[in-house]
Amino acid sequence: MKVDVNGSSMELKVGDITKQKTDAVVNAANGTLMGGGGVDGAIHKAAGKELLEACKWIRDHELNGEQLSTGQAVITEAFQLPASWVIHTVGPVWGGEEEKLKALLADCYRNSFKCAMEKGIKSISFPSISTGVYRFPIDLAAQVALTTIMEFLQRNDFGQVVMTLFSDKDYEVYATALQRLLDNE
Ligand code: AR6
């Protein structure tokens, strides 16, 4: 499913984000930036050990040794991946005040775009941030992700956005949420 938004495109597809050929892919990381399971593990494995070194450099030089806060994003090269850049963001762990969690998830998408714009990136693939290990309900996450992406594309001249869903079931949830957004426009 693909929609045109103000001259940019937003596409939903089923796939493996480590195979995407967009300029950037987004990693659903954790605050340590030292890798993990899920999409984070897959990206680190496919990119090679230089990615971990680049993340360590960011921790030491840009974050003063601190963790990356929830909702924030940083960018590294992508090494062995087909993409050129990896944008690492930390999604919220489900649990607590819903409005706050939704705002933090929206920040992940917005701050990823901010990193992308600073590098002149014109195409980007997102995974479904927070809906795996971090247990954010996927129907709610889809609504937040798609609303935030659409708002960004309406306000900025960007290019191509791909939501890379890892299963047909996840795709269906995002497609239903997108259709609902389009119907309400
Ligand atoms: N391509 C696209 N999507 C994927 C891939 C892939 N190769 N692999 C998994 N997914 P998760 P989170 C989907 O758990 O919930 C890590 O350990 C997956 O099916 O990767 O934000 C980090 O280090 C799900 O729909 O990320 C953190 O500690 C989505 O990606 C923590 O998990 C997100 O699931 C972050 O948890």
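Both counts, for ligands and for their atoms, begin at 1 and track the order of listing.
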For the 3.5 Å polar cut-off, considering only N or O atoms, please tell me whether [X] and ligand 1 meet it.
X    : value
G37  : yes
D40  : yes
G132 : yes
V133 : yes
A42  : no
S128 : no
R135 : no

* Q160 side, atom CD; D23 side, atom CG - distance, nearest 0.5 Å ->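 Answer for the CD-CG pair, Q160 versus D23, is 8.5 Å.
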
* For the ring pair F126 and Y109, is the centre-to-centre distance below 6.0 Å? -> yes

* **Distance-only polar pair, side chains of Q179 and D183, donor-acceptor under 3.5 Å** => yes

[X] heavy atoms, cut-off 4.0 Å: which ligand 1 atoms fall inside?
X    : result
I17  : 1 (N), 2 (C), 6 (C)
D170 : 25 (O)
A28  : 21 (O), 22 (C), 26 (O), 35 (C)

* Note: K169-E172 ion pair, threshold 4.0 Å (strictly below) -> no

* To do: Determine whether more than 12 heavy atoms belonging to other residues, nucleotides or ligands lie under 6.0 Å from atom NZ of K114.
  => no

* Region of L165 that comes within reach of ligand 1 [heavy atoms, distance under 4.0 Å] ->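 The answer is neither.
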
